[in-house]
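As a basis for the values below, the full set of heavy atoms in this structure was taken, side chains included, without hydrogen atoms, waters or symmetry mates. Positions are given from 1, in the same order as the sequence printed here.
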Amino acid sequence: MRRFMIILAAIALLLPVCSQADEGMWMVHHFEKDIYPQMVKKGFKLKSNEIYNEQTGDALANAIVSLDFGCTGSMISKNGLLITNHHCAYGDIHALSTNENNYLEEGFWAMSSKDEKPIKGKKVQFLRKVLDVTDEVSAIKDSLAKQGFTGMMMRRTYRIIETRYSKNTDYMVSCASMWNGVKYYMFFYEEFSDIRLVGAPPASIGAFGGETDNWGWPQHKGDFALYRVYTGPDGKPAEYSPENIPMQPKRTLSISAKGVKPNDYSMIMGYPGRTNRYASSFEIREKENITNPIIVTARRSKLDVWKKHMDNDPKIRLLYADKYFTISNYADYAKWENICLRRYDVADIRAEEEKYMKEKHGELFSQMEKAYTMNKEHVRNKTWYKEVFNSPSEWLTNARRVLSVLRDMNKQNIAAIDKNHPIMKKYLASLKRDFQSFDLETERELFGKQLNLFVNNIDPKYCSDTMISWINKFNKDGKAIADYIYNNSFLSTVEEAEEYFSTPRTAEEIANDPLNKYLQACSILNFNKEAEGFEKKCGYCPNKSTSRYARALYESREERGIPQYPNANSTMRFTFGTVGGIKPADGIEYHYQTTINGYTEKEDPNNYEFNVNDKMKALIASKDWGRWGEKGQLYVNFLTDNDITGGNSGSPVINGKGEIIGLAFDGNRESMSGDVYFHEKYFKTVCVDIRFVLWVIEKYGHAGHLIDEMDIKFK
């Protein structure tokens, strides 16, 4: 029976896209002709060229921005106001926070333009034009091949063609491959670099439920933040200046305060970061059986150490809040991804589809089977290396910079060096600064935990003689090795480093420090060399040759008339669907909306993630929902069946009229196979209701002047 169900699932995968719920991250400038009628059928009221149109400035795409190709935002006022997720702004809010003005805990609201906070290094990009450059890329690749170039071929190709196009435009240009080299497009972006934080709720609203609710349902997050984009006085992009003026976007999005109901049309536009939906069954099994379990174990170990120290000291919480937030997101993802891969039989479904390909690509599959079989232990060891050796702690990462001192001494033929030498002065100054960014006791415990995972899981053949001697001496006790290194290194503290270099030290003395011995105890070069050997033996390298398989899969589907969208690659896409709940498992049914009642139901004063401050409690108790309530209720989050991934965070959720009804901020746990496989029944996008956003701005933030900038529709 199980085999029969797998075959049925594989057949369903091969049917035209219209039979699958709402799968697809479609390119805004080019999508299958039968997609638009499906959108109209679901409730889309605009013309297809109102999604993206280079000839006019009023297409929806002109209101959508990328935030450094990591998140998405949208323009919601003619004065440059931009809305995105709180978790997209988390790093900026964290960087602005101090123990005296902790904007993460207290929130931030600019009551006038002079209060807005410039964000150093922040940039946003607007897509302005797309060109098909497939023929040019092919010609460049052919030319390079004739010249004898083999290594880093695509990197050279991109550099050549991007340089060619950048000479004749003020836009930033970026060439991207679609379907693993079937097509190449040049994307032209107008980039703005004067970005200022305008508003953000406290983490107790913006990240309510924290890691516990992450990827789950029901959720109750007010996951939003506001920036403003500024230009020079001439309206063009400019670096920060007090004389700059708010940007006047070509297009802004209106906001619908009407609310949502089941089967309402929903469209999400943004910059999804990466998917691998042309992955082979071999890749999927490798992820399921090798890499994901290691990632979960390694990152959970790090998170447990951080959380223990963060819970004990608010100052340490502020130090690690951003790091913890980032790591926890992907640790949970890997855990739930494996659950979904197994639940949906994804590897078996892909293997079933591969039967259609083997007649034409038999040699390729023979090479792949041999390579992935041979590669298993290599991948396992390399994953442990990357997760727990390469940068297990902030202390170690910062201490690693001493290697640059050794390189400088070698280049300049310096026999010995002390703290008064310019090189060492610079190093000690950076060390002193860097040591302020972490807690040493936290880092020391983390180093021991991570090193213990390393020595008990890595094959000693990848290690130096020194590391092998430590493993034997301390009987594979990673904590004992870490203590030995810490206690005997001059880099244990800034003070010890300064004391050590109070007298001249030779390069040999520095290199023989236990910490430097550790830093060189395992090298990525060992893994790369081994991988090259596999490629020679098998004719296929999993790290380099996956595009061969992906193109073969694309061709196979093309021959059978299956509409296809390319993998996400941080270029603008749209996905359409509807609002609705889910039955995630037998006997369980989730409503499509949550209300503010969840704050009081989940409140736990002993759990940071479920803290409800006094101000929020008072507002909830008053039941004053203003213009934003519906029949006496204030709604917080809702579900749609849109197809999204990382990078879509902050994307506007748009109704059939092109108006914002919410912001996408999460997926459900049942959608965690989304990197490689979309399930038409279980995939959901978790969105913050735009009415809750407006309520928080007005009632909690007392920032009604920001709402006055917006075009709000109540019908």
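Taking CD of E609 as the start and NZ of K602 as the end, the distance is 10.5 Å to the nearest 0.5 Å. A distance of 13.0 Å separates CH2 in W336 from CG in L341, rounded to the nearest 0.5 Å. Rounding to the nearest 0.5 angstrom, the gap separating the CD1 atom in I712 from the CG atom in D708 is 8.5 Å. Distance CD/E116 to CD1/I195: 11.0 Å, rounded to 0.5 Å. Atoms NZ and CD1, on K615 and I205 in that order, are 8.0 Å from each other to the nearest 0.5 Å. The CG atom of D614 sits 11.0 Å away from the CG atom of L619 when rounded to the nearest 0.5 Å.
Contact annotation: the side chain of W217 never approaches that of R669 to less than 4.5 Å [non-hydrogen atoms, C-beta and beyond]. Between L226 and I697 the shortest side-chain heavy-atom distance falls below 4.5 Å. L104 places a side-chain heavy atom less than 4.5 Å from the side chain of Y90. Residues F576 and F44 form no side-chain contact, since every pair of their non-hydrogen atoms from C-beta on lies 4.5 Å or further apart. Using a 4.5 Å heavy-atom cutoff, the side chains of N62 and F126 are not in contact. Between L60 and R251 there is a side-chain heavy-atom pair separated by less than 4.5 Å.
Within the 3.5 Å criterion, the main-chain N or O of G24 finds a donor-acceptor partner in the side chain of D643. Of the possible polar contacts, none joining the D68 side chain to the G70 backbone as a donor-acceptor pair under 3.5 Å is found. Under the 3.5 Å distance criterion, the side-chain polar atoms of T594 are matched with a main-chain donor or acceptor of Q219. Between the side chain of H220 and the main chain of I596, no donor-acceptor pair closer than 3.5 Å is present. For N668 (side chain) and K684 (main-chain N/O), a donor-acceptor pair under 3.5 Å exists by modelled atom type. With hydrogens and angles ignored, the 3.5 Å screen pairs no side-chain donor or acceptor of D223 with any backbone N or O of N85. Using modelled atom types, no side-chain atom of R228 and backbone atom of P246 make a donor-acceptor pair closer than 3.5 Å. Side chain of R274 to backbone of G646: no donor-acceptor contact under 3.5 angstrom is found. Not one N or O on the side chain of R317 forms a donor-acceptor pair closer than 3.5 Å with the backbone of K307. When atom types are taken as modelled, the side chain of D264 and the backbone of K261 share a donor-acceptor pair closer than 3.5 angstrom.
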- Task: Determine, step by step, whether Y324 and E211 satisfy the side-chain hydrogen bond (donor to acceptor under 3.5 Å, both in side chains) criterion, reporting the C-alpha distance in whole Å, the side-chain angles of both residues, the deciding distance to 0.1 Å, and the verdict.
- Result: CA-CA 10 Å; Y324 187 94; E211 185 184 0; 2.4 Å; yes
- Message: Run the side-chain hydrogen bond (donor to acceptor under 3.5 Å, both in side chains) test on E106 and N101 for me, step by step, so that the C-alpha distance in whole Å, both residues' side-chain angles and the decisive distance to 0.1 Å come before the verdict.
- Response: CA-CA 8 Å; E106 300 161 8; N101 293 298; over 6 Å; no
- Message: If you apply the rule salt bridge (Lys or Arg N to Asp or Glu O under 4.0 Å), what do you find for R300 with D332, and how did you get there?
- Response: CA-CA 9 Å; R300 179 49 54 192; D332 280 352; 3.5 Å; yes
- Message: Please determine whether side chain to side chain contact (heavy atoms under 4.5 Å, CB included) holds for the pair F683 and S673, giving the CA-CA distance in whole Å, both sets of side-chain angles, and the decisive distance to 0.1 Å.
- Response: CA-CA 9 Å; F683 272 41; S673 64; 3.4 Å; yes
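Between Y189 and F69, the ring-plane angle classifies as perpendicular under the 30° and 60° cut-offs. Classification of the F31-F574 ring pair by plane angle, with boundaries at 30° and 60°, yields perpendicular. Ring pair Y103/F108 is perpendicular by interplanar angle, where above 60° counts as perpendicular and below 30° as parallel.
A side-chain donor-acceptor contact under 3.5 Å links E698 and W628. Inspection of the Y565 and E23 side chains reveals an N or O donor paired with an N or O acceptor under 3.5 Å. Side-chain N/O atoms of H87 and S649 include a donor and acceptor closer than 3.5 Å. No donor-acceptor contact under 3.5 angstrom links the side chains of T72 and N648, judged on distance only.
With sequence neighbours left out, the side chain to side chain contact (heavy atoms under 4.5 Å, CB included) criterion links Q633 to T595, N597, Y635. Legend: residues meeting side chain to side chain contact (heavy atoms under 4.5 Å, CB included) with E659, ordered by chain and number and at least two apart, are S254, S256, N655, K657, K713. Applying the side chain to side chain donor-acceptor pair (under 3.5 Å) test to S77 and every residue at least two apart in sequence or in another chain returns E709. Remark: K122 engages D92 in a salt bridge (Lys or Arg N to Asp or Glu O under 4.0 Å) (not counting sequence neighbours). Applying the side chain to side chain contact (heavy atoms under 4.5 Å, CB included) test to K308 and every residue at least two apart in sequence or in another chain returns N312, E445. Taking Y608 as the reference, nothing meets the ring pair (Phe, Tyr, Trp, His ring centres under 6.0 Å) condition, with sequence neighbours excluded.
Considering every non-hydrogen atom in both Q436 and L319, the closest pair reads O-CD2, 3.6 Å. Annotation for V688 and G222: closest pair CG2-CA, 4.1 Å, computed over non-hydrogen atoms. Between T571 and P272 the shortest heavy-atom distance is O-CD, 3.8 Å. Considering every non-hydrogen atom in both A200 and I93, the closest pair reads CB-CD1, 3.6 Å. Scanning all heavy atoms of the two residues, the minimum distance from A61 to Y52 falls at CB-CD1, 3.8 Å. The nearest pair of heavy atoms linking E670 to P584 is OE2-CB, 3.5 Å.
With respect to the salt-bridge test (charged N to carboxylate O, under 4.0 angstrom), the residues R277 and D675 do not qualify. The pair D689-R691 meets the salt-bridge criterion, since a charged nitrogen lies less than 4.0 angstrom from a carboxylate oxygen. A salt bridge does not link K123 to D194: none of the charged nitrogens lies less than 4.0 Å from a carboxylate oxygen. Between E387 and K302 there is no salt bridge, since no side-chain nitrogen of the basic residue lies less than 4.0 Å from a carboxylate oxygen of the acidic one. Looking at E603 and K617, a side-chain N of the basic residue comes within less than 4.0 Å of a carboxylate O on the acidic one, giving a salt bridge.
A side-chain hydrogen bond (donor to acceptor under 3.5 Å, both in side chains) with S266 is found for one member of N642, T578, T575 and no other, namely N642.
In this structure, K221 fails the cation-pi test against F665, since its NZ or CZ atom is not both closer than 6.0 Å to the six-membered ring centre and inside 45 degrees of the ring normal. Remark: R343 qualifies as a cation-pi partner of Y682 under the 6.0 Å distance and 45° angle criteria applied to the six-membered ring.
Between Y333 and W215, the ring centre distance stays below 6.0 Å. The six-membered or imidazole ring of Y230 lies away from that of F192, with a centre-to-centre distance of 6.0 Å or more. Here H679 and Y344 bring their ring centres to under 6.0 angstrom of each other.
Annotation: K258, atom NZ; neighbour count of heavy atoms from other residues, nucleotides and ligands within 6.0 Å does not exceed 12.
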